[in-house]
Structure formats: structure tokens, C-alpha cells
Amino acid sequence: MAHCLSCNGLLTRRDAVCYVCGEPAPKLAKVTVAGKSSSNLSNFLFLGSLGFTTYSFLSQNKMSLQVSLGVSGVILFVKLVDWLRRQDFSSRKEKLSNKSAWI
């Protein structure tokens with residue numbers, strides 16, 4: 001599906017206007033392929049959080065709440081930084097490609 005240039009709303013080939021912002025849709029919208037939804041770092045953090053959860057449930061020596069919250073917070077922070085970095089990169093790439101994507 002194509003996206004609106006001003007609000008990034010989804011457009012189909014049959015849409016005359018964007019249903020989010022009301023701007024007229026281009027006549028010939030090209031279908032763009034979305035980028036990779038997750039990075040290798042994100043996948044690694046997910047597996048790390050699964051390992052951390054498994055260890056927390058199966059370990060004889062239980063971790064304190066502060067340590068558990070700290071580790072979870074660090075994993076969340078790194079994932080957010082990675083997500084924001086990818087969003088910023090993809091928005092720059094999309095702005096460059098949008099100039100030639102719509103006819």
C-alpha cells in the first residue's frame with residue numbers, strides 16, 4: 001500500500017483522498033515495499049529478555065526486585081534507542097525516495 005505524503009496514512013489505488021487528513025491522493029500511487037521491521041540488535045535483545053525471564057523463574061536464588069527492574073529497564077532503553085535510530089533513518093530514506101515515488 002502507498003502512504004500519504006503529509007500524514008503517512010495508508011492509501012489504496014481506489015482512494016481519491018486520504019481518509020486521515022483529507023488531502024487528494026496522487027493519481028498513480030506506486031506501491032512501496034516496507035523496510036525490515038526489526039534489526040539484529042532488536043532480535044538479540046528479545047532473545048536476551050527471554051533468557052532473563054527463564055533464569056528468573058527457574059533459578060534457585062531469586063533476584064531482588066531492584067535488580068530485575070534494572071535489567072529490564074536497560075533492555076527496554078537499548079531497544080528504544082535502536083527503534084528511534086531505525087525510525088530516523090527510515091524517515092530520511094523515505095523522504096528522499098518520496099520525491100520520485102509519486103507521479
Side-chain angles (χ1 to χ4, degrees):
M1 299 205 137
H3 293 275
C4 177
L5 292 175
S6 41
C7 70
N8 207 26
L10 289 176
L11 298 172
T12 63
R13 290 191 179 267
R14 292 173 281 172
D15 290 337
V17 295
C18 176
Y19 68 93
V20 177
C21 66
E23 269 198 28
K27 297 291 182 209
L28 298 173
K30 289 186 178 180
V31 176
T32 58
V33 178
K36 188 176 175 183
S37 63
S38 64
S39 67
N40 291 336
L41 179 61
S42 180
N43 293 338
F44 177 74
L45 289 173
F46 175 71
L47 292 175
S49 68
L50 285 178
F52 173 68
T53 303
T54 304
Y55 175 77
S56 296
F57 282 122
L58 301 177
S59 173
Q60 293 295 327
N61 301 330
K62 301 297 179 190
M63 287 186 278
S64 67
L65 180 62
Q66 291 83 6
V67 171
S68 180
L69 287 176
V71 171
S72 297
V74 167
I75 290 173
L76 177 64
F77 178 74
V78 172
K79 182 156 175 66
L80 281 173
V81 168
D82 180 51
W83 180 77
L84 288 172
R85 182 186 55 82
R86 283 186 296 115
Q87 290 296 105
D88 185 43
F89 178 73
S90 65
S91 67
R92 286 183 197 163
K93 186 177 178 182
E94 186 176 316
K95 285 178 185 176
L96 291 174
S97 66
N98 273 344
K99 292 179 182 176
S100 61
W102 300 90
I103 297 175

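We're numbering straight along the sequence, starting at 1.
- A pairwise comparison of heavy atoms in Y55 and N61 identifies OH-O, 4.4 Å as the closest pair.
- With salt bridges taken as basic N to acidic carboxylate O contacts below 4.0 Å, one links D82 and R85.
- Scanning both residues, C18 and L11, for their nearest heavy atoms gives CA-CD2, 3.7 Å.
- Under the 4.5 angstrom side-chain criterion for Ile, Leu, Val, Met, Phe, Trp and Tyr, the cluster partners of L47 are F46, L50.
- Annotation for L76: hydrophobic cluster partners, listed by chain and number, are L80 (ILVMFWY side-chain heavy atoms under 4.5 Å, direct or chained).
- With a 4.5 Å cut-off on side-chain heavy atoms, H3 and L10 count as touching.
- With hydrogens and angles disregarded, a donor-acceptor distance shorter than 3.5 Å links the side chain of K62 to the backbone of F57.
- For S64, the side chain to side chain contact (heavy atoms under 4.5 Å, CB included) criterion is met by Q66, V67, not counting sequence neighbours.
- Hydrophobic clustering keeps V81 apart from I75 (ILVMFWY residues linked when any side-chain heavy atoms are closer than 4.5 Å, directly or through intermediates).
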